[in-house]
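Just so it is clear: chains get the letters A, B, ... in the order the sequence lines come, proteins before strands, and each one is counted from 1.
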Amino acid sequence: MIDREEVLHIARLARLRLGEEEIEPMARELSAVIEHVAKIGELDLRDTAPTSHVVEVAGRLRADEPHQCLPREVVLAQAPAVSGEGFLVPSPQA
Amino acid sequence: MSAEELVSLGAQAAAQALASGQIAAHELYEIYRSRAAADDLNCFTWVAEQTPAPPAASPLGGVPLAVKDLFCTEGVPSQSGSRILEGYLPPYTATAVERLLGAGACLLAKTNQDEFAMGSSNENSAFGPVLNPWDRSRVPGGSSGGSAAAVAAGLTPWALGTDTGGSIRQPAALCGIVGFKPTYGAVSRYGMIAFASSLDQAGPLTRDVTDAALMLRHLIGYDECDATSLDFPGEIALPTAERLDGVRLGVPEELTGEGIEAGVLAAFHATLALAEQLGATVEPISLPHAAHALSAYYVIAPAECSSNLARFDGVRYGMRTEAAGDLTEMYTRTRHDGFGAEVKRRIMLGTYALSSGYYDAYYGRAQCVRTKIVEDFRNVFADVDFVVTPTAPSVAFPLGSKTADPLAMYLNDFCTVPMSLAGIPAISIPCGLALPPEDRNVTEAASGGGLPVGFQIAGPAFSENRILETAFALEQAIGFDGGTVRA
């Protein structure tokens, strides 16, 4: 059902590199799961509204006031690479 | 008190003994710390190295607490069972943990889990599998497997876990302890490393129902840091019920028949008979869409996971794979090296279900099935007080027996996911022992009596106190003894 090309396409969308040895098992396993979950296609759901959340929360708002957040150096201490006051990443167009 | 006597105290009994000065907090903590440090079940990803300062007078004044790895704990490794968060020391503590520590609990250890809480056997952890203390060749369940095994083995008085599709209830069942998933929104999710945000909920794993009530009492409450957090109506009381007169239990045919091991069903029906002796009525009910709950769950949860786990990109925390090339190359290589096989599978599944051309057929439909499940429960709760089922379709299964077949693993969750999709509270209590199917020809005596079976009680939103009372009355009548695996 899901072939190699589709696996590679989804992996690109998910920003996930798959090793050559991961591609065939992924196609097989995804196909099996999708075949199972596709059974929900049998239900008549024409008049049913979707539920994205079971809790009805009417967006609680807080006062728009400045407050203390985590210190910059505390946050940067967890980053794999930093430069000055920011996160360091490779160039998008290397 | 001897070490054995101290370890035999549950959390509530320990809190009382501490408050009365009968035992000292540092003495209790040191005994658990040495037991946890000597653990050979692989329950923990971190164990405290020092005994903390004795707490001021407080409700939980000094009761040690183990916490699932995915809860952020300031300055303490919090890696959600994943390589991609290697070495992560959060700069803040999750609200649920903060509340328990604020009530006087002392952080003892972080517990092993399936990576990002994705799994039903704890075999997906980057730190290796946890062993079931009832039989070390078997899984403890998952994803809160370390929490469940640690409580069962007496390595902690109690533990905090999370449940997305059964991750508190199923390991509690397989390890012979109590696990409670509260109403969605009752406990803050702030600082829980997210898996599926519309389903994730924190809750207790404990030796008995009283301890579950005690922990829940200190967990619930509105938190402005979690937009889905709710005010819980009232307080959680410690249960005292002895009888179940007038309590109506509904048994859904869809979750109590095909696919459930004979031994599990026998223990379930014996518990129903006991409930009737206590005065409850037992009625057959129908949850017509329950058969589709697992399918809906395995669309919705991976979809939310694929979105939540986009944050792990090697930029702000955790590991990075340095590679020649551009930013995208760094992202994709980091995610390749950092995520395990099951997490990759769920990210792929979720990305597929949300992708252009498939969204309506999968994610859109799954959300409509979720509506049907919510309606099914609403309908049955007009006629019965609780829905009861076996918690898991099997007893603990052998390590490695389901890892090659993701779908077979997912089927472990079919009794627990309907409640998760509906956001309703559900508890699992141990209700007896059953022989695994491969041992059917072995006599009960030869196998040591069998492995634990869980009995699930689910009620409407915010029915926590009524569930606890019912579970407590049953617990007293069942008289399950989990003491042997603590020794």
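Looking at V7(A), the atoms closer than 4.5 Å to chain B (heavy atoms on both sides) sit in the backbone and in the side chain alike. If you measure heavy-atom distances from A77(A) to chain B, you find no contacts under 4.5 Å at all. For chain B, the nearby parts of S52(A) are the backbone and the side chain; heavy atoms of each come within less than 4.5 Å. When heavy atoms are compared at a cutoff of 4.5 Å, E329(B) approaches chain A solely by way of its side chain, counted from C-beta outward. Within the 4.5 angstrom heavy-atom criterion, only backbone atoms of A422(B) (N, CA, C, O) approach chain A. Interface remark: I2(A) contributes side-chain atoms only to the contact with chain B (heavy atom separation under 4.5 Å). For a residue to count as touching a neighbouring chain, one of its non-hydrogen atoms must lie under 4.5 Å from one of that chain's; by this rule L70(A) touches chain B with the side chain only. For P91(B), the parts sitting under 4.5 Å from any heavy atom of chain A are the backbone and the side chain alike. In this structure, the portions of A11(A) lying under 4.5 Å from any heavy atom of chain B include both its backbone and its side chain. Looking at Y363(B), neither its backbone nor its side chain comes within 4.5 Å of chain A, counting heavy atoms on both sides. With a 4.5 Å cut-off on non-hydrogen atoms, V374(B) touches chain A through its side chain but not through its backbone. Only the side chain of S355(B) has a heavy atom closer than 4.5 Å to any heavy atom of chain A.
Per-residue heavy-atom pair counts under 4.5 Å with chain A were compared for G185(B), P90(B), P406(B), and the maximum is reached by P406(B). Of the residues considered (T351(B), I424(B), L421(B), T183(B)), T351(B) shows the highest number of contacts with chain A, using heavy-atom pairs under 4.5 Å. By number of non-hydrogen pairs under 4.5 angstrom with chain A, the leading residue of Y92(B), Y331(B), Y298(B), Y184(B) is Y184(B). Ranked by non-hydrogen atom pairs under 4.5 Å with chain B, the options V37(A), V75(A), V74(A) are led by V37(A). Here L327(B) is the residue among L327(B), V369(B), L349(B), L294(B) with the most heavy-atom pairs under 4.5 Å with chain A. Counting heavy-atom pairs closer than 4.5 Å to chain B, the top-ranked of the candidates L76(A), L45(A), L30(A), V82(A) is L45(A).
Atom CD of E24(A) sits in a crowded spot, with more than 12 heavy atoms from other residues, nucleotides or ligands closer than 6.0 Å. Surrounding CZ of R345(B) are more than 12 heavy atoms belonging to other residues, nucleotides or ligands, all under 6.0 Å away. Open room surrounds CD on E85(A); 12 or fewer heavy atoms of other groups in view lie less than 6.0 Å from it. No more than 12 heavy atoms of other residues, nucleotides or ligands sit less than 6.0 Å from atom CZ of R72(A).
Between the OH atom of Y352(B) and the CD1 atom of I34(A) there is a distance of 4.5 Å, given to the nearest 0.5 Å. Taken from CG in D326(B) to OG in S91(A), the straight-line distance is 7.5 Å, to the nearest 0.5 Å. The line from OG of S306(B) to CG of L16(A) is 11.0 Å long, rounded to the nearest 0.5 Å. Taking CG from L18(A) and OG1 from T332(B), the interatomic distance works out to 10.0 Å, rounded to the nearest 0.5 Å. Atoms CD1 and CD1, from I10(A) and I347(B) in turn, are 12.5 Å apart once rounded to the nearest 0.5 Å.
By the 4.5 Å heavy-atom criterion applied to side chains, M348(B) and M26(A) are counted as neighbours. Using a 4.5 Å heavy-atom threshold, the side chains of R365(B) and L43(A) count as touching. Between R370(B) and V54(A) there is a side-chain heavy-atom pair separated by less than 4.5 Å. No side-chain heavy atom of K372(B) sits less than 4.5 Å from a side-chain heavy atom of T51(A). Counting heavy atoms from C-beta on, the side chains of S295(B) and I40(A) come closer than 4.5 Å. The shortest distance between side-chain heavy atoms of T328(B) and R15(A) falls below 4.5 Å.
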Would you check, one step at a time, whether the test side chain to side chain contact (heavy atoms under 4.5 Å, CB included) holds for T48(A) with Q367(B)? CA-CA 9 Å; T48(A) 308; Q367(B) 285 190 308; over 6 Å; no
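Nearest heavy atom pair, residue L407(B) against residue A32(A), reads CD2-O, 4.0 Å. Shown here for R320(B) and P80(A), the closest heavy-atom pair between the two residues is CB-CB, 3.7 Å.
Remark: Y222(B) pairs with no residue by the ring pair (Phe, Tyr, Trp, His ring centres under 6.0 Å) rule, at least two apart or across chains.
Listed for the E29(A) side chain is no donor-acceptor partner under 3.5 Å among the backbone atoms of D405(B). Looking only at distances, a side-chain donor or acceptor of T371(B) sits under 3.5 Å from a matching main-chain atom of A49(A).
Between H36(A) and Y410(B), the ring center distance fails the sub-6.0 Å criterion.
Salt bridge status for K344(B) with E22(A): present, with a side-chain N to carboxylate O gap under 4.0 Å.
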